[in-house]
K.L.:
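Sharing a structure below in structure tokens format, with a few things to ask.
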Amino acid sequence: MKIRRGLFLILTIGLVAFSFGFGVSGSSAQLDSDDPPGTGVPESQPEIQSEIMAPAAGGTGIYTSSGLEFLPYLPSVTYGHSGVGIYNTSGSSANFETQLHLPHGVTIQKVVIYFYDNNETYDLSADFNYHSYSTWGTYKFAEVNSSGASSAVRYVEAVPSSPYTYVDSASQEYMVEVSLPPSSSVILFAVRVDYSHTSSLPLILK
């Protein structure tokens, strides 16, 4: 009886030790990496650079605004949408506006409008303006107009007149005003502003 009891005790102690050792081994395996599961990078994959170099001085940038961002100057004006485009459903021509959130310190190089105009009678026009915070005056730095009729989506571009090309967000705000005729066959799809940096951008670190 004593032999059986001693043998049972030895087997019990051995089984507990084995189970404890297996559990420790499993926990240790989970601590081999500080990364969450599934985020490890295979050794064959090249390491991603942690630093992004700034573009050289004079590098270009583009700002775009779709027709969906335009609102009528007068709240009584009605309008419709065609995809991302906008057209005037009122009984007369109306102005639609949106702000241009251009980076401070850049120089405007070119303005572009993308549109659909399949109307022999009406055209659309776009004025690119800035407002002075001190005088609240409005100054036009570029103007773009459509001409003729076509069943294709077209674009027209213009180079702004100097010295109104430097963006000074500290004292001015920028916007574009588009005059749309009362026709669903004249649709504004987007405006675009191309600009250049006058100095190198700061480095962006990860």
K.L.:
Mind checking what makes side-chain hydrogen bond (donor to acceptor under 3.5 Å, both in side chains) contact with Tyr63, not counting sequence neighbours?
P.N.:
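Scan of Tyr63 (side-chain hydrogen bond (donor to acceptor under 3.5 Å, both in side chains), adjacent residues dropped) gives none.
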
K.L.:
Please identify each residue that fulfils side-chain contact (heavy atoms from CB on, under 4.5 Å) with Leu71, with sequence neighbours left out.
P.N.:
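With neighbours one apart ignored, the set is Tyr79.
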
K.L.:
Indicate whether any N or O donor in one side chain lies under 3.5 Å from an N or O acceptor in the other, for Tyr166 and Asp168.
P.N.:
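Short answer, no.
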
K.L.:
Going by the rule side-chain contact (heavy atoms from CB on, under 4.5 Å), which residues pair with Val156 if we only count those two or more places apart in sequence or in a different chain?
P.N.:
Ile113, Phe115, Val144

K.L.:
What closest approach, in Å, do Ser90 and Pro182 show between heavy atoms, and which atom pair accounts for it?
P.N.:
O-CB, 3.1 Å

K.L.:
Please list, chain by chain and in numerical order, all residues satisfying side-chain hydrogen bond (donor to acceptor under 3.5 Å, both in side chains) with Ser82, sequence neighbours excluded.
P.N.:
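Partners of Ser82 under the side-chain hydrogen bond (donor to acceptor under 3.5 Å, both in side chains) test: none.
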
K.L.:
Please name all residues satisfying ring pair (Phe, Tyr, Trp, His ring centres under 6.0 Å) with Tyr133, sequence neighbours left out, ordered by chain then number.
P.N.:
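Tyr133 satisfies ring pair (Phe, Tyr, Trp, His ring centres under 6.0 Å) with no other residue.
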
K.L.:
How close do His104 and Ala170 get, counting heavy atoms only, and between which atoms?
P.N.:
ND1-N, 3.9 Å

K.L.:
Excluding sequence neighbours, so at least two apart, what forms side-chain hydrogen bond (donor to acceptor under 3.5 Å, both in side chains) with Tyr174?
P.N.:
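Counting only residues at least two positions away or on another chain, Tyr174 forms a side-chain hydrogen bond (donor to acceptor under 3.5 Å, both in side chains) with Gln172.
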
K.L.:
Once side-chain contact (heavy atoms from CB on, under 4.5 Å) is applied, do any residues pair with Asn129, and if so which ones, sequence neighbours excluded?
P.N.:
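Asn129: side-chain contact (heavy atoms from CB on, under 4.5 Å) contacts with Asp127, Thr138, Lys140, Met175, Glu177.
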
K.L.:
Is the closest side-chain heavy-atom distance between Lys110 and Arg192 below 4.5 Å?
P.N.:
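The answer is yes; the side chains approach within 4.5 Å.
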
K.L.:
Without placing hydrogens or testing angles, list every side-chain donor-acceptor pair under 3.5 Å for residues 183-191, not counting sequence neighbours.
P.N.:
| residue | atom | partner | partner atom | Å |
| --- | --- | --- | --- | --- |
| Ser183 | OG | Asn119 | ND2 | 3.1 |
| Ser183 | OG | Ser185 | N | 3.1 |
| Ser183 | OG | Ser185 | OG | 2.6 |
| Ser185 | OG | Asn119 | ND2 | 3.2 |

K.L.:
With clusters built from Ile, Leu, Val, Met, Phe, Trp and Tyr whose side-chain heavy atoms come within less than 4.5 Å, directly or transitively, what are the remaining members of the cluster of Val159, listed by chain and number?
P.N.:
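Members besides Val159: none; it forms no cluster.
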
K.L.:
Evaluate the side-chain proximity of Val193 to Ile108: yes if any heavy-atom separation is below 4.5 Å, no if none is.
P.N.:
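Yes, close enough: below the 4.5 Å cut-off.
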
K.L.:
Roughly how far, to the nearest 0.5 Å, is the OG1 atom of Thr165 from the CD atom of Gln109?
P.N.:
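These two atoms lie 7.5 Å from each other.
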
K.L.:
Consider only side-chain heavy atoms of I, L, V, M, F, W and Y, link residues closer than 4.5 Å, and tell whether Val176 and Tyr114 are in one cluster.
P.N.:
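No, it is not one cluster - the side chains of Val176 and Tyr114 are not joined through contacts under 4.5 Å.
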
K.L.:
Hey, can you pull the donor-acceptor pairs under 3.5 Å for the side chains in residues 91-99, sequence neighbours left out?
P.N.:
| residue | atom | partner | partner atom | Å |
| --- | --- | --- | --- | --- |
| Thr98 | OG1 | Glu69 | O | 3.3 |
| Gln99 | NE2 | Glu173 | OE1 | 3.1 |

K.L.:
Heavy-atom distance under 4.5 Å between the side chains of Tyr195 and Val167, does that happen here?
P.N.:
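No, too far: nothing below the 4.5 Å cut-off.
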
K.L.:
Do you reckon Phe141 sits in the same ILVMFWY cluster as Tyr139, going by side-chain contacts under 4.5 Å, direct or chained?
P.N.:
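Result: yes, single cluster for both.
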
K.L.:
Please tabulate, one pair per line, all N/O donor-acceptor pairs under 3.5 Å involving side-chain atoms of residues 147-155, not counting sequence neighbours.
P.N.:
| residue | atom | partner | partner atom | Å |
| --- | --- | --- | --- | --- |
| Ser150 | OG | Ala152 | N | 3.2 |
| Arg154 | NH1 | Ser147 | O | 3.0 |
| Arg154 | NH2 | Asp117 | O | 3.0 |
| Arg154 | NH2 | Gly148 | O | 3.3 |

K.L.:
I'd like to know if the side chain of Ser146 reaches the main chain of Leu124, judged simply by a donor and an acceptor atom lying under 3.5 Å from each other, with no hydrogens or angles considered.
P.N.:
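Here the side-chain-to-backbone pair exists.
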
K.L.:
Quick one, Leu180 and Ile86 - any side-chain contact, counting heavy atoms below 4.5 Å?
P.N.:
yes

K.L.:
Please check: side-chain N/O of Thr89 versus main-chain N/O of Thr78, any donor-acceptor pairing under 3.5 Å?
P.N.:
yes

K.L.:
Return the set of residues passing side-chain hydrogen bond (donor to acceptor under 3.5 Å, both in side chains) with Tyr87 (not counting sequence neighbours), or none when no residue passes.
P.N.:
none

K.L.:
Linking I/L/V/M/F/W/Y whenever their side-chain heavy atoms sit closer than 4.5 Å, directly or via other members, would Val106 and Val112 fall into one cluster?
P.N.:
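No; tracing contacts between hydrophobic side chains, which count when under 4.5 Å, never links both residues.
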
K.L.:
Does any non-hydrogen side-chain atom of Val77 lie less than 4.5 Å from one of Asn88?
P.N.:
yes

